[in-house]
There are 2 protein chains.
Amino acid sequence: MSTVGKAISLLELFSVDEPELGLSDLARRSGFDKATTRRLLVALAGHGFVEQDTGTRHYRLGAGLSRLARIREARFPFLQTAVPLVRDLAALTVETVHLSEFGVDRLVTVHVEHPAWANRVNIDIGQLLPLHSTASGIAYLAFARDETVKACLTGSLDAFTAHTLIEAAAISRSMGEARERGYSICDQGYEEGVISVAAAIRGADGFALGTIAVAAPKARTTAAAIAERGLAVRTAAREVSMRLNGENLQILRRQA
Amino acid sequence: MSTVGKAISLLELFSVDEPELGLSDLARRSGFDKATTRRLLVALAGHGFVEQDTGTRHYRLGAGLSRLARIREARFPFLQTAVPLVRDLAALTVETVHLSEFGVDRLVTVHVEHPAWANRVNIDIGQLLPLHSTASGIAYLAFARDETVKACLTGSLDAFTAHTLIEAAAISRSMGEARERGYSICDQGYEEGVISVAAAIRGADGFALGTIAVAAPKARTTAAAIAERGLAVRTAAREVSMRLNGENLQILRRQA
DNA sequence: AAATAATGGTTCAAATAATGAACCGACCAC
DNA sequence: GTGGTCGGTTCATTATTTGAACCATTATTT
């Protein structure tokens, strides 16, 4: 692994649940030597990618990341555009709604709205979602580049529950349904007892950029509710797509 | 420079004005060899820190940065807390209001609100502000750790305009005034014809975390307007500080 | 339409930077 | 005290990064 990759994988050890980590802890989890870990942290700190708490000496993600993320957001206002619509959708459905963006080979959760229910689906910002076994993933794949789809479907796929589809043919069928319907449905494919619907947010070229999804406990979810949510999530995703691409929705037809 | 430092300095070449850059361009600006540059970009792309446009093959900042920034924001909701108050302040003053956070040795602009005026002070997200020659910088230094102040004042300081204060004594005096007043004033210290006021956002330990500032063309700015804005920016910064620290404002007294 | 000069990307011996076992001092619990 | 942490440092060994020269494409220019 390159040194750069190692440094970034240190950053990736931080999460919403564990936003501050000590040197030894980071070394242990990353598998790097303590000296190596520290060397990397110092390099990262020198550019504000991590900060060190002056009291505990623990490390946390730094302001340099916020800076770059804001620069990115200024050119590509994904959050700014989508979050209000995600909020509306959350108010409408009264279930967990999450927004994700494609990165490398997975979907990255960048925003979540939780309902007031005690029994709800909990999702953390920063969570990474596999493409083949989530409603978001299927919705994404339905409008992804062929190369992305191929990369996803070749090789063996993890089964997270007994319901996870792991055969390429079954997943392709699911993608096809999502494409026709305008939204995907994933019934406990990633976590037992959770049913989700999702729709793709698409770029000016018609390919998917990310997704909006509604996740709910299966116990209180009727087929009618699924259909209703599906239409709502489809509408929301379409609206985000249009706002992102300056209203020229005609390009949103897939150029097969 | 460490490899990690090189990779990060590649990321820092991107800005709001130039959010997409080609390989040769990046190599030229960074001063790294083309092969080195590409190697670094590939490593960064592998973790979603940069993405490559499939058409132009140009590189841009990637979703991985958004992810980490959002994880950071979840633990330390600086933007979420401050932006609404920055907006209110912009509506009130009808001048450019910007929010910044300390990083490494400078202030990082993380949010900006511009007024509708044609003649206004323009600031980009991501802009880095020096501590000694901006209203934000002085406001920050007024409540910074002694080590930070010392690090800033030792060594020679750049004069950006004929008005820039570059003697440690003068800057210290300016800091003292800011501390008493609750806000700093910087009269053309960074850019000719621009006058700004700023106040520090402070953490639970009483030390500054960042600043809120109002910047306006000097031509249309009266002494009375400065005083008024000063109080407004002070109030806004105090409010952000309190919300960030869970209302326990008593800790906000400086523990000399 | 041929020539030129960009571009993005690749290769491999040479040079440089990363590595990690052992070490230190500080702190904490027993 | 003693043993176990912790954060941090050192330096000979080792592995990775480096960059000149290279190719294939894609604009420009002549």
Side-chain angles (χ1 to χ4, degrees), chain A residues 1-15 17-62 75 104-105 145 147-148 151 205 207, chain B residues 1-15 17-62 75 104-105 145 147-148 151 205 207:
Chain A
M1 185 189 287
S2 70
T3 313
V4 175
K6 288 179 198 167
I8 297 179
S9 57
L10 277 185
L11 294 175
E12 292 179 336
L13 293 174
F14 296 94
S15 68
D17 288 331
E18 300 186 295
E20 307 209 341
L21 297 167
L23 172 61
S24 300
D25 217 0
L26 284 164
R28 216 174 301 113
R29 294 178 195 222
S30 62
F32 308 145
D33 188 89
K34 200 168 40 144
T36 301
T37 305
R38 179 146 203 287
R39 173 190 272 279
L40 294 171
L41 286 169
V42 168
L44 290 167
H47 290 264
F49 272 36
V50 296
E51 305 166 340
Q52 191 172 26
D53 190 290
T54 45
T56 63
R57 293 195 158 181
H58 284 196
Y59 296 86
R60 70 174 96 92
L61 298 175
R75 171 209 247 44
V104 194
D105 61 351
R145 299 191 144 76
E147 35 185 309
T148 309
D205 55 8
F207 292 113
Chain B
M1 188 190 287
S2 69
T3 313
V4 175
K6 288 179 197 164
I8 297 180
S9 56
L10 276 184
L11 294 176
E12 292 179 338
L13 293 173
F14 296 93
S15 67
D17 288 330
E18 301 186 296
E20 307 208 341
L21 297 167
L23 172 61
S24 302
D25 218 0
L26 284 164
R28 218 176 300 113
R29 295 179 195 220
S30 63
F32 308 145
D33 188 89
K34 203 170 34 145
T36 302
T37 304
R38 178 146 204 287
R39 172 189 274 281
L40 294 172
L41 287 169
V42 168
L44 289 167
H47 291 264
F49 274 35
V50 296
E51 306 167 338
Q52 190 170 26
D53 191 289
T54 44
T56 63
R57 292 197 159 182
H58 284 196
Y59 296 87
R60 69 174 97 91
L61 297 175
R75 169 214 246 45
V104 193
D105 60 350
R145 299 190 146 74
E147 35 185 309
T148 311
D205 54 8
F207 292 112

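Just so we're on the same page: letters track the sequence lines, and every chain starts at 1. Heavy-atom basis, side chains included; hydrogens, waters and symmetry copies ignored.
- Contacts between residues 23-39 of chain A and DNA chain C, counted as heavy-atom distances below 4.0 Å, involve A:D33, A:A35, A:T36, A:R39.
- Between atom OH of residue A:Y59 and atom CG of residue A:L40 there is a gap of 11.0 Å, rounded to the nearest 0.5 Å.
- Looking at residues two or more places apart in sequence or on another chain, you find a side chain to side chain contact (heavy atoms under 4.5 Å, CB included) between B:S30 and B:L10, B:L13, B:F32, B:T37.
- Rounded to the nearest 0.5 angstrom, A:Q52 CD and A:E20 CD are separated by 10.5 Å.
- Closest approach of A:K34 and A:S24 over heavy atoms only: CD-OG, 4.3 Å.
- Shown here are the salt bridge (charged side-chain N to carboxylate O under 4.0 Å, His left out) partners of B:R28, two or more places apart in sequence or in another chain: B:D25.
- Counting heavy atoms from C-beta outward, A:L26 and A:F14 have side chains that approach closer than 4.5 Å.
- Interatomic distance, CG of A:L44 versus CD1 of B:I8, reported as 5.0 Å (0.5 Å rounding).
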Which atoms of nucleotides 25-30 of chain C (N or O only) lie under 3.5 Å from a protein N or O atom, and what are those distances?
none

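- The end-to-end axis angle of the helix from C:dA1-D:dT30 to C:dC30-D:dG1, rounded to 10 degrees and based on five pairs per end, is 40°.
- Applying the salt bridge (Lys or Arg N to Asp or Glu O under 4.0 Å) rule to pairs touching residues 38-55 of chain A yields A:E51-A:R60, A:E51-B:R72, A:D53-A:R60, sequence neighbours excluded.
- Once you apply a 4.0 Å limit to the heavy atoms of chain B, the touched nucleotides of DNA chain D run 5' to 3' over D:dT17 to D:dA20.
- In this structure, the CG atom of B:L41 is 12 Å from the P atom of C:dT10, given to the nearest Å.
- Here the closest heavy-atom approach between residue A:V104 and residue B:G48 is recorded as CG2-N, 3.3 Å.
- Contact detail for A:H58 and A:G22: the closest heavy-atom pair is CD2-CA, 3.8 Å.
- To the nearest 0.5 Å, the span separating CG on A:L41 from CG on A:L11 amounts to 8.5 Å.
- For B:T56, there are no side chain to side chain donor-acceptor pair (under 3.5 Å) partners at least two apart in sequence or on another chain.
- If you check residues 2-14 of chain B against DNA chain D, the residues with a heavy atom closer than 4.0 Å are B:T3, B:K6, listed by number.
- Checked against side chain to side chain contact (heavy atoms under 4.5 Å, CB included), A:D33 has the following partners two or more places apart in sequence or in another chain: A:A35, A:T36.
- Between A:L21 and A:R29, some side-chain heavy-atom pair lies under the 4.5 Å cut-off.
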